[in-house]
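The structure under discussion appears below in the form of structure tokens.
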Amino acid sequence: MLIASWNVNSLTARLPRVLAWLESSRPDVLLVQETKCANAAFPAEALAGIGYQSAHHGDGRWNGVAIISRVGIAEVVRGLNIPAPTGLPEPRFLSADCGGMRVASVYVPNGREIGHLYFSYKLAWLQELGEVVARDLTKGELVVGGDFNVAPTDQDVFDPQAFTGATHVTVEEREALQTVIAKGLVDLATIGQNPGFTFWDYRQGFFRRGLGMRIDLLLASPVTASRVTKLWVDRQERAGERPSDHAPLVAELE
DNA sequence: ATGGCTAAGATGCTTAGA
């Protein structure tokens, strides 16, 4: 079984690439972030045309998460019970039963700047995610994948010095992430070989220069983690024409 | 010189990403 997570930075802009990748890689489940489309504009038919069922939670210009599966989708849950600083909820969480396990696609708030209202929102959002994870873990196997917007350690950025004063690397964010993991999940990159960076800024040729970050994660229940035979980042998808700024993170399970 | 992309809504800009 293959399960993948990919922040596509607009599913509309990325649809040709996503369809081609699904056809060539044939993952059983793809967890998608930043679809940047409303539910009405979600390309369910195009996905069905190549054998994938899907569920989507999105409301337009920003955010948006999806689950794309060829092993079934049931018991879909949309959203976390926590408002953004605007007072409105944002579509950043989607979970479902796929192929005998619970899967969740998460797009953790960016945080914008340290001390910003959206930074507090990011920490609170992760805390709420932890509560949901704890409940789902009581029911069976669980995989939580997505763009966490946190680099778990200094080894997960190209140069820790370059991130002084920046978000994604602070003690608060890392502790908030570890609180989620401590509910009973395993970061698949911490068992076996580290798959490397998953995000490279569009600017300044960061991808070409190897200046990336590992901020996309696949977290799994211990039994699921024990089934992992391989974990990799499909860096080819960060290259070429009109790429996302993130590459797919893929796990192979026995 | 402290920037440099990219995407999307309504555009010739703004907001957001990270």
Side-chain angles (χ1 to χ4, degrees), chain A residues 5-19 32-43 56-66 83-93 105-123 125-126 145-174 176-177 189 196-217 233 235 237-249:
Chain A
S5 178
W6 192 7
N7 178 325
V8 297
N9 185 20
S10 171
L11 187 55
T12 309
R14 220 65 61 209
L15 189 60
R17 274 191 98 114
V18 171
L19 291 173
V32 182
Q33 302 84 39
E34 280 206 90
T35 61
K36 292 185 170 178
C37 65
N39 285 332
F42 183 78
H56 180 243
H57 182 44
D59 60 14
R61 185 173 179 184
W62 288 304
N63 314 305
V65 282
T86 56
L88 300 171
E90 295 177 330
R92 295 177 174 276
F93 176 92
S105 178
V106 308
Y107 177 46
V108 177
N110 167 291
R112 300 191 184 180
E113 290 170 28
I114 297 170
H116 199 284
L117 270 176
Y118 278 83
F119 189 80
S120 308
Y121 167 51
K122 180 180 194 173
L123 300 178
W125 199 94
L126 280 164
D147 177 358
F148 282 77
N149 274 320
V150 179
T153 73
D154 277 353
Q155 283 68 55
D156 298 313
V157 297
F158 65 87
D159 176 11
Q161 301 257 10
F163 289 84
T164 305
T167 57
H168 294 61
V169 298
T170 65
V171 171
E172 293 95 325
E173 290 163 280
R174 285 174 173 168
L177 172 63
F197 299 144
T198 62
F199 163 85
W200 298 261
D201 198 299
Y202 281 125
R203 292 172 286 193
Q204 299 176 258
F206 269 31
F207 179 65
R208 179 177 49 78
R209 294 158 61 195
L211 308 180
M213 306 171 75
R214 186 175 77 88
I215 54 177
D216 299 272
L217 311 177
V233 176
R235 276 179 289 273
E237 285 305 321
R238 181 61 182 79
E241 286 286 301
R242 290 190 87 190
S244 168
D245 41 5
H246 298 249
L249 174 66

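Here is the naming used below: chain letters follow the sequence lines, and residue numbers restart at 1 for every chain. No experiment lies behind these values; they were computed from the predicted model shown. In what follows, every heavy atom counts, from backbone to side chain, and hydrogens, waters and symmetry copies are set aside.
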### Query
So which of Arg242(A), Arg17(A), Arg14(A) actually passes salt bridge (Lys or Arg N to Asp or Glu O under 4.0 Å) with Glu237(A)?
Arg17(A)

### Nucleotide dA16(B), atom C1' - distance to CG of Asp147(A) in whole Å
13 Å

### Message
Between dG12(B) and dA1(B), how far apart are the two P atoms, rounded to whole Å?
### Response
31 Å

### Task
Look at all strands and tell whether Ser10(A) reaches a base, only sugar-phosphate, or nothing, counting heavy atoms closer than 4.0 Å.
sugar-phosphate

#### Entry: Rounded C1' spacing from dG3(B) to dA8(B) in Å
22 Å

### Query
In whole Å, what separates the C1' atom of dT2(B) from that of dA7(B)?
24 Å

### Message
dA16(B), OP1 or OP2 - any side-chain N/O from Tyr202(A) closer than 4.0 Å?
### Response
no

### Query
Can you find a side chain N or O atom of His168(A) that sits less than 4.0 Å from OP1 or OP2 on dG17(B)?
no

### Query
Reckon Asn110(A) touches a base, only the sugar-phosphate, or nothing at all at heavy-atom distances under 4.0 Å?
base

### Query
Thr12(A) or Asp201(A): which one's nearest nucleotide on DNA chain B is closer to the 5' end?
Thr12(A)

### Message
From CZ of Phe119(A) over to C1' of dG17(B), roughly how many Å is that when rounded to an integer?
### Response
16 Å

## Note on the structure
Output for pair (Lys122(A) NZ, Leu117(A) CG), nearest 0.5 Å, gives 15.0 Å

### Nearest-Å distance for atom pair CG/C1', residues Asp245(A) and dC5(B)
9 Å

### Summary
Here the distance between atom P of dT6(B) and atom CG of Asn7(A), to the nearest Å, is 15 Å

### Task
Scan residues 203-212 of chain A against DNA chain B and write down, sorted by residue number, each residue with any heavy atom closer than 4.0 Å; if none is found, say none.
Arg203(A), Gln204(A)

### Query
Between atom CD of Glu90(A) and atom CG of Asn63(A), what is the distance when rounded to the nearest 0.5 Å?
4.5 Å

### Query
Phe207(A) vs Trp200(A) aromatic rings, parallel, tilted or perpendicular, using cut-offs 30° and 60°?
perpendicular

### Query
Reckon Asp216(A) touches a base, only the sugar-phosphate, or nothing at all at heavy-atom distances under 4.0 Å?
nothing

#### Entry: C1' gap between dT6(B) and dT11(B), integer Å
15 Å

### Task
Pick the P atom in dC5(B) and in dA10(B), then give their distance to the nearest Å.
26 Å

### Task
May I ask you to verify if any side-chain N or O of Asn149(A) is less than 4.0 angstrom from the OP1 or OP2 atom of dA18(B)?
yes

### Message
I want to check one thing: is the phosphate of dG17(B), taken as OP1 and OP2, less than 4.0 Å away from some side-chain N or O of Arg112(A)?
### Response
yes

### Summary
Atom CD of Glu34(A) and atom C1' of dT6(B) are separated, to the nearest Å, by 11 Å

### Task
Would you mind classifying the nucleic acid contact of Tyr118(A) as base, sugar-phosphate or nothing, using non-hydrogen atoms under 4.0 angstrom?
nothing

### Task
Whole angstrom is fine here: how far is it from NE2 in His246(A) over to C1' in dA18(B)?
7 Å

### Query
When the distance from CZ of Phe148(A) to C1' of dG17(B) is rounded to whole Å, what number comes out?
18 Å

### Message
Students often get this wrong, so: under 4.0 angstrom with heavy atoms, is Asn63(A) touching a base, only sugar-phosphate, or nothing?
### Response
nothing

#### Entry: Distance, rounded to the nearest Å, where Arg92(A) contributes CZ and dA16(B) contributes P
11 Å

### Gly111(A) or Thr35(A), whichever maps to the more 5' nucleotide of DNA chain B
Thr35(A)

### Message
If you apply the rule ring pair (Phe, Tyr, Trp, His ring centres under 6.0 Å), what do you find for Phe158(A) with Phe163(A), and how did you get there?
### Response
CA-CA 9 Å; Phe158(A) 65 87; Phe163(A) 289 84; 5.4 Å; yes

